[in-house]
Amino acid sequence: MKNIIIYTFLIITICVGSYLKFHKNQENIPIGCDEFGYMNLAKAMHHNKEFKDHVSRPYLIDLLKTLRDSGYSEQEIDWLIVPHSYYVSPHSNQIFNQYAPGTSYILSIFPVDSMKLFFTPIALLLLLIIPLITLFKVTKTAWGWPQIILFIFTVFITLTSVFLVELTRINSLALTFGLLLSSGIMLKHNSLISCLLIAISANFRIVNLLLLLPIIAFIDLPIKITLTNIVNWIKTGLKYLIIILLALSPYLIYVYRLKGNPFLNTYSSIDTSSTFDFRSNIEFYFNFNSEFFIYHLILIGILLYLLLSKKIITKTFLAVLLFPIVNYAFFITHKMQINYYPYGSIFIILGFLLSLINKSIKPFKAQIITAILALFVFTDGILKYKNQDHQTIITAKQSYNELNTFHIVWGDLIPSASDFIWENSAFKFAASTPRCRKTVINYLHSKGYSQIFLINDIPLKSNEIIAELSNLNLPFKPFVTQKFGTAFILLPKRNNEK
């Protein structure tokens with residue numbers, strides 16, 4: 001009981017410190033891409049609207065019919081008339097948020113105006129609690145070097161740029177750190193629990209299911225082919241399958257209610273397309289400018305040292321090595337290039353290494369060390385909070401007041417913030433062809449919708465954007481916003497206009 005009280009105090013201290021340290025980062029209104037996507041889905045869940053239209057779009061069905069009748073491809077349509085993280089289904093005409101629901105489920109517990117502020121403390125809470133439980137199961141001690149290293153690592157990620165970024169922006173990564181680390185801790189001791197933890201993490205990031213494949217190497221099965229062994233293989237396989245399905249049930253239920261089939265993908269085809277351009281991806285992921293690649297090399301180097309010093313056997317070394325191999329193999333063969341994609345195997349390898357440490361330390365010394373680390377995070381948080389200017393949610397919203405009166409906001413990232421606050425429609429100007437944009441703009445104008453075009457937020461040359469709008473021969477009016485710079489306004493067509 002005493003140890004639980006001490007750990008609770010330490011964890012609360014770190015969580016409060018992180019709340020203060022990252023408060024400034026979480027005060028702003030979420031904009032596209034990831035942050036808006038997760039936050040807007042959380043907002044919909046908070047209001048029990050996750051399976052309904054997140055924003056009212058009465059024009060949608062008729063606009064889609066107009067575009068398809070005009071011969072536009074689905075690729076020209078599906079990302080143009082939605083904000084980042086959303087796409088239009090060509091089959092149902094429904095607009096989908098592409099992300100797995102885990103992150104948004106957790107955030108939706110809190111009030112919409114403050115849910116963003118709780119993201120980092122929750123991430124660190126999960127990073128500490130789950131690994132501490134699994135470490136106790138493995139080491140059979142409440143205080144030891146594995147626990148101290150866990151606290152050191154927690155402090156490390158609050159200071160190191162590559163992990164620090166994931167604590168300052170709303171994403172699915174940080175909430176899975178503790179699950180994947182714990183999976184690595186349990187690898188050799190209970191591969192079924194390891195499998196369970198990875199499958200749970202897939203509720204936050206579905207691609208983490210790939211990390212289940214190397215678990216097979218840790219399942220102790222007889223190799224000889226006999227009837228008895230075959231029966232045992234089937235029983236074991238069913239046991240693992242049931243565990244995976246149970247762990248993944250929140251995601252499966254969500255997708256079933258969303259799309260009618262629990263095994264459909266929530267992402268658009270653009271995000272899931274494979275590629276044969278291996279060279280480009282290899283150059284992107286395997287380079288020394290990528291901290292994720294460097295951390296993989298360091299951890300693999302430690303594994304190699306343990307192998308050469310006979311602390312682990314060759315079979316174990318190769319089995320653990322499968323995690324980065326499978327991880328990188330998938331992303332090398334897919335189009336999207338995002339630096340953090342291969343992060344998962346880092347935490348699994350690190351967890352595995354933690355499970356190998358059995359050097360003891362006196363509980364009192366361990367408590368002093370962890371207390372110093374927790375107080376460091378707390379003090380760092382207070383200093384960061386006091387040395388920064390802060391704004392309230394009301395002030396943050398007020399900076400978007402200029403967009404409130406428009407039905408449609410055209411741009412790239414900024415319109416999503418207006419979508420989140422005012423629930424007007426965010427359109428991505430550069431996500432389609434000029435011909436398709438022209439049809440959409442004309443349609444909305446003729447149907448009585450006001451539109452604003454945020455020129456500085458569109459990733460095209462401003463003179464080209466202005467020339468394109470001028471060629472539409474519509475009554476655009478220039479408008480200089482206080483926050484977003486140059487804009488053009490297109491008021492709706494009046495009933496007496498032809």
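Residue indices begin at 1 and follow the sequence shown.
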Min side-chain heavy-atom separation Thr266-Tyr251 under 4.5 Å: yes
Distance-only donor-acceptor check, side chains Ser345 and His296, under 3.5 Å: yes
Option from Phe118, Tyr385, Phe119 for which ring-ring contact (aromatic ring centres under 6.0 Å, His included) with His23 holds: Tyr385
Cation-pi check, Lys447 onto Tyr59 ring (under 6.0 Å, within 45° of axis): no
Enclosure of Phe276 CZ (heavy-atom neighbours >12, cutoff 6.0 Å): no
Ser201 versus Asn208, side-chain donor and acceptor atoms under 3.5 Å: yes
Side-chain donor-acceptor pair present, Ser418, Asn424, cut-off under 3.5 Å: yes
Residue pair His84 / Trp79, side-chain heavy-atom distance below 4.5 Å: no
Crowding at NE2, His91 (>12 non-hydrogen neighbours, <6.0 Å): no
Ionic contact status for Glu76 with Arg435, cut-off 4.0 Å: no
Salt-bridge contact Asp380-Lys384 (side-chain N to carboxylate O under 4.0 Å): yes
Check: Tyr443 ring centroid to Tyr449 ring centroid under 6.0 Å: no
Ile130/Leu181 under side chain to side chain contact (heavy atoms under 4.5 Å, CB included): CA gap, chis, key distance, verdict: CA-CA 9 Å; Ile130 305 172; Leu181 194 66; over 6 Å; no
Between CD1 on residue Ile81 and CG on residue Leu60, distance to nearest 0.5 Å: 5.0 Å
Inter-residue atom distance Phe96.CZ - Leu264.CG, 0.5 Å rounding: 8.5 Å
Residue Phe286 excluded, over 12 heavy atoms near CZ under 6.0 Å: yes
Arg68/Glu74 ion pair, N-O < 4.0 Å: yes
Any donor-acceptor N/O pair, Asn261 side chain to Phe263 backbone, under 3.5 Å: yes
Whether over 12 other heavy atoms sit under 6.0 Å from Ile61 CD1: yes
Donor-acceptor contact present, side-chain Asn327 to main-chain Pro342, <3.5 Å: yes
Aromatic ring proximity, centroids under 6.0 angstrom, Phe163 and Tyr295: yes
Ser172 vs Tyr99 side-chain heavy atoms within contact, under 4.5 Å: no
Heavy-atom pair with the smallest gap, counting every atom of Tyr38 and Ser104: O-OG, 2.8 Å
Minimal non-hydrogen separation, Lys428 against Pro83, with atom names: NZ-O, 3.4 Å
Residue pair Glu35, Lys116: steps toward the salt bridge (Lys or Arg N to Asp or Glu O under 4.0 Å) verdict: CA-CA 9 Å; Glu35 191 161 90; Lys116 197 179 176 193; 3.0 Å; yes
Contact summary for Leu197 and Ser183, nearest pair of heavy atoms: CD1-N, 3.6 Å
Atom pair CG/NZ of Leu403 and Lys483 - distance to nearest 0.5 Å: 10.0 Å
Non-hydrogen side-chain atoms of Trp422 and Asn401 separated by less than 4.5 Å: yes
NZ/Lys259: more than 12 non-hydrogen atoms of other groups inside 6.0 Å: yes
Side-chain donor-acceptor contact under 3.5 Å, Thr439 with Tyr72: yes
Whether Asp419 side chain and Pro415 backbone form a donor-acceptor pair below 3.5 Å: no
Heavy-atom closest pair, residues Thr154 and Thr158: O-CG2, 3.2 Å
Minimum-distance pair of heavy atoms, taken over all atoms of Met45 and Ser108: CB-CB, 3.7 Å
Steps toward side chain to side chain contact (heavy atoms under 4.5 Å, CB included) verdict (Leu20, Ile382): CA-CA 6 Å; Leu20 295 171; Ile382 291 176; 3.8 Å; yes
Any side-chain heavy-atom pair of Ser425 and Val55 under 4.5 Å: yes
Separation of Ile29 CD1 from Met39 CE (nearest 0.5 Å): 8.0 Å
Matching residue for Leu490 among Ile441, Asn442, Leu444 - test: side-chain contact (heavy atoms from CB on, under 4.5 Å): Ile441
Tyr285 side chain to Asn339 side chain, donor-acceptor N/O pair below 3.5 angstrom: no
Verdict with supporting geometry, Leu124 and Phe177, side chain to side chain contact (heavy atoms under 4.5 Å, CB included): CA-CA 9 Å; Leu124 294 184; Phe177 288 170; over 6 Å; no
Under 3.5 Å side-chain donor-acceptor pair for His390 and Glu27: yes
Side chain Ser114, main chain Phe110, donor-acceptor under 3.5 Å: no
Plane angle bin for Phe479 and Phe406 - parallel if under 30°, tilted between 30 and 60°, otherwise perpendicular: tilted
Pairing of Lys24 and Asp389 as salt bridge, 4.0 angstrom limit: no
Under 3.5 Å donor-acceptor, Asn287 side chain and Glu283 backbone: yes
Side-chain donor/acceptor of Thr176 to backbone N/O of Leu179, under 3.5 Å: no
Pairwise distance CD1(Ile300) to CD1(Ile346) - rounded to 0.5 angstrom: 9.5 Å
Test side chain to side chain donor-acceptor pair (under 3.5 Å) applied to Asn203 and Tyr105, step by step: CA-CA 10 Å; Asn203 290 288; Tyr105 272 141; over 6 Å; no
Audit row: Asp113, Lys397, salt bridge (Lys or Arg N to Asp or Glu O under 4.0 Å) steps and yes/no: CA-CA 10 Å; Asp113 284 347; Lys397 285 183 176 181; 3.1 Å; yes
Ion pair check, Arg257 and Glu50, cut-off under 4.0 Å: no
Main-chain N/O of His407 paired to Ser450 side chain as donor or acceptor, under 3.5 Å: yes
Expected output: side-chain Ser280 to main-chain Asp277 donor-acceptor under 3.5 Å: no
For the student: nearest non-hydrogen atoms of Ser194 and Ile215, plus distance: OG-CD1, 3.5 Å
Note, Thr486 side chain near Thr481 side chain (heavy atom, < 4.5 Å): no
Main-chain N/O of Leu413 paired to Ser416 side chain as donor or acceptor, under 3.5 Å: yes
Test item: Ser432 side-chain N/O and Cys436 main-chain N/O as donor-acceptor pair under 3.5 Å: no
Close side-chain approach of Gln98 to Tyr86, heavy-atom, < 4.5 Å: no
Salt-bridge present (Glu423, Lys43; N to O < 4.0 Å): yes
